[in-house]
Amino acid sequence: MPAPEVPEKPSIDGLEEKWGSRWEADGTYRFDRTKTRAEIFSIDTPPPTVSGSLHVGHVFSYTHTDAVARFQRMRGREVFYPMGWDDNGLPTERRVQNYFGVRCDPTLPYDPSFVPPAKPQSPPVAVSRPNFVELCVRLTVDDEKTFEDLWRRLGLSVDWGMTYTTIGPEAQRASQRGFLHLLTAGRAYQKVAPTLWDVDFQTAIAQAELEDRELAGAYHRIRFGGPDGTAIEIDTTRPELIPACVALVAHPDDERYKPLFGSRAQTPLFGVSVPIVAHPLAEPEKGTGVAMICTFGDVTDVTWWRELQLETRTIVGRDGRIQADPPEGVEPSPAWAELTGKKMEPARGRIVELLRESGDLVGDPRPITHAVKFFEKGNKPLEILSSRQWFIHTLDNQERLLERGRALHWHPPYMRARFESWVSGLNTDWLISRQRFFGVPFPLWYGLSDDGSIRYDAAIVPDESRLPVDPSTDVPDGYSPDQRDQPGGFTGEPDVMDTWATSSLTPQIAGRWTDDPDLFARVFPMDVRPQAHEIIRTWLFSTVVRSDLEHDALPWTDAAISGWVLDPDRKKMAKSKGNALTPIGLLDQYGSDAVRYWAASGRPGVDTAFDEGQMKVGRRLAIKLLNASKFVLSRLELPPAEPDGDAGDVTAPLDRAMLAGLASLVDEATTAFEGYDYARALERTETFFWGFCDDYLELVKGRAYGGQGEAAAASANRALMLALSTMLRLFAPFLPFVTEEVWSWWKDGSVHRATWPLAVELRGPAGATADPVVLEMAAAVLGGVRKAKTVAQVSMRAEVARVVVSDNAERLAALAGAADDVRDAGRIAELVTEEADQPSVIVGLAPQA
RNA sequence: GGGCGCUUAGCUCAGCUGGUUAGAGCACUUCCCUUACAAGGAAGGGGUCGGGGGUUCGAGUCCCUCAGCGCCCACCA
């Protein structure tokens, strides 16, 4: 073996570039697809939203996954670790509209020669959906490059030959194929129903995308005309919906209103006669005990409307304004004329004035703050509108999904509660259609009647071999292009699938379900889905649903849930603007290993404070590792430098004690990693390493230099090499750069393809004894000596005349095994032991010069 | 309203199935240029483990209860 090439002044700076390009050139992380499912560890990597900003939250959670991936690779599993880019959906759409100055019009045909304006223009240029999608793809290529650069810099051990996008052809094929299967199986259906509607984006929104926000509002007490001429007062936060009122409701047992059930009331201002009905959801304590039911003010209105079979009076349009014509049953009136065309807030203000003038407002509005439902990406309160949408049946499947959730291994286990509460609380089927453009189109056309009306019951589906199709441009088999939108012809389904309808298939997309069934069979069901806890109800849930329906299986055996990064104010960093530092800056400042160290010390599922102090500690650890390695490896020039010896060559009790401790560490770290507790593995390894440096290294130094003869030196050097080799491998999943650097000084190949250490390699031949107390006692005496020198304010080199160690016979005997090392390390002239009940170390310093 | 998690040194956090005087890092104080390391090293001060009750020979660790913080869920007129 050639002597190790140890740099004179090792440094961690520049290791990212050096090893990043080496790993790429050597294909260190390349996936070997000839391996079988049992040999493979497959990861359903979260595809980051590329149009979003990079922030430390990304670095945090992806480091966790990478540490596990590296561990599994070293354990001998072939790691399937692809990277996806989520370019599908609203964030990209918004950016493209602004960047190019275009808007999508799905009724336009594809223009292959379209070139976007050099500068964004106003009004924006209308383009077809395929053209719009092309622009989205064009813009996201740069975003994806930015992310890839960050990931490479961070040292993610991804196979960069395996990337996918959620809008790419493979994703489109998988989404459309999956949808067609659901359609055939009767699990997907469309219907006209009240749905949550975002008036800015003008699209339907799913239950999973809801977010409650506290908003200022007010209770308005309003007088309706009762059946016998007396007034009925109700409280409402949405007086502008009076023209949409279809009934008044009270609790069936409410004695105050029992006599009124079955009779009718008159709405104020509009004089519409509405029934007074009873329903148990009406709460007697709330307001006056009577509520007005509108179509639709909130989801309770929908329940009442459905269960009581009430009329429909729609007044809000898709753009969020009061529509032009009054609904059926409401006569045109001056009051209506005042409201029409207004958005909700102005309409509310105006109707309050009108009610005040007419005397139907009782008292003043009483301001309150209340929770209002928003689209999580939206800015205006959601309305509820009736529209035609596509759904996937989930309500009839809750028990089965809960069973899937129980079969999945959650890390940490308590995260399962979020899945269960979500599944248990489902109140609508999964709404997958969106009235947007940059998404996967539904692979559907509809026949048109001779009068030109759309025959929704006559859906035309393509053959799977044609996928992906865009019905706005492609023509169904058996039709010609000129039959589009003509009576007796066909029309394309204009909607696209929601982004979660595609993301729910990431295992299928990454595993190339449609294009490469052989690969898919080797990686699916996958081993792990790493993801954040906030999207359990969306991404995790929907993936389980799709895998259940398509494959009758869980998509993975394990779910590793990561926490958030919190800023010092305990806010989620990614969410509050301006406080997300750029990850590249941090990687520059501290080094990738140091930032990874901080990330990896955040335990699974736990929200973790952003802490640059931890990055400094990580940096110091990396430097320490270099220096300690330098010391250990520079000893190899001394004989005997036999590299392939084993623990049997280690004879000194102190060395054996150290290796015994290391063997326990290996077991503990392995167990922790197998349970996805990377943070524990790191913490234990780090603790051992510092103890190794502070005590063992100091104790063994003189002997390793040959101070006690060649045989004694050989034992020390063998133990040092074994320990270093082991610790480098234990650290490798966390600190890939510095460990690779050191490994390269004396070993061939990458540490990241080296085998994970085994405790048995360190325990030596059967029958060999190792007493951990030897190291413990030696360290205790050395500590006592150091303390005495510090108290005396003298150098650690200062000579010690005499040390008296008191302890029981057994421990003193253990110390005897390392007595020479202790004398050497402490510069002790005379080491005396005395049996005693109370352990103590009494240090007598030599007179100082 | 239901659920989950958290509450340990000034700060960030470990303390796994209950067991010797409660740990680490940062920060702070003091000392030390020692041949792996001064972008270091050594030593030290600092905590009634959120409050209250209980089980136990023994509780930071188990049970009950209360409080605060965070999050998830819920048909919050």
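Letters go in sequence order (proteins before strands), and every chain restarts at 1.
Sorted by residue number, the members of residues 286-294 of chain A with any non-hydrogen atom under 4.0 Å from RNA chain B read A:Lys286, A:Ala291. Of all the residues in residues 276-284 of chain A, A:Leu281, A:Ala282, A:Glu283 reach under 4.0 Å from RNA chain B with at least one non-hydrogen atom.
At a threshold of 4.5 Å between non-hydrogen side-chain atoms, the residues A:Leu697 and A:Leu720 count as touching.
Using a 4.0 Å cut-off between charged side-chain N and carboxylate O, A:Glu399 and A:Arg406 make a salt bridge. Of the charged side-chain nitrogens involved, none lies within less than 4.0 Å of a carboxylate oxygen, so that A:Arg680 and A:Glu683 do not count as a salt-bridged pair.
At a threshold of 4.0 angstrom between heavy atoms, the contacts of A:Lys787 are confined to the sugar-phosphate backbone, with no base atom among them. Among the atoms of the strands shown, only primed sugar atoms or phosphate atoms (P, OP1, OP2) are found under 4.0 Å from some heavy atom of A:Lys9. Contact annotation for A:Asp677: no contact, since no heavy-atom pair falls under 4.0 Å across all strands.
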Per-nucleotide pairing state of RNA chain B [Watson-Crick or G-U, under 3.5 Å; [ ] pseudoknot-crossing; | other strand]: (((((((..((((.....[...)))).(((((.......))))).....(((((..]....))))))))))))....

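Taking A:Ala778 as the reference, A:Leu654, A:Leu699, A:Ala818, A:Val822 meet the side-chain contact (heavy atoms from CB on, under 4.5 Å) condition, with sequence neighbours excluded. Take A:Leu215 and apply the side-chain contact (heavy atoms from CB on, under 4.5 Å) test, not counting sequence neighbours, and it matches A:Val372, A:Phe374, A:Pro381.
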Protein proximity profile, nucleotides 2-8 of chain B - base contact B, sugar-phosphate-only contact S, no contact -, cut-off 4.0 Å on heavy atoms: --SS---

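A:Arg797 contributes no side-chain N or O that forms a donor-acceptor pair with the base of B:C32 under 3.5 Å.
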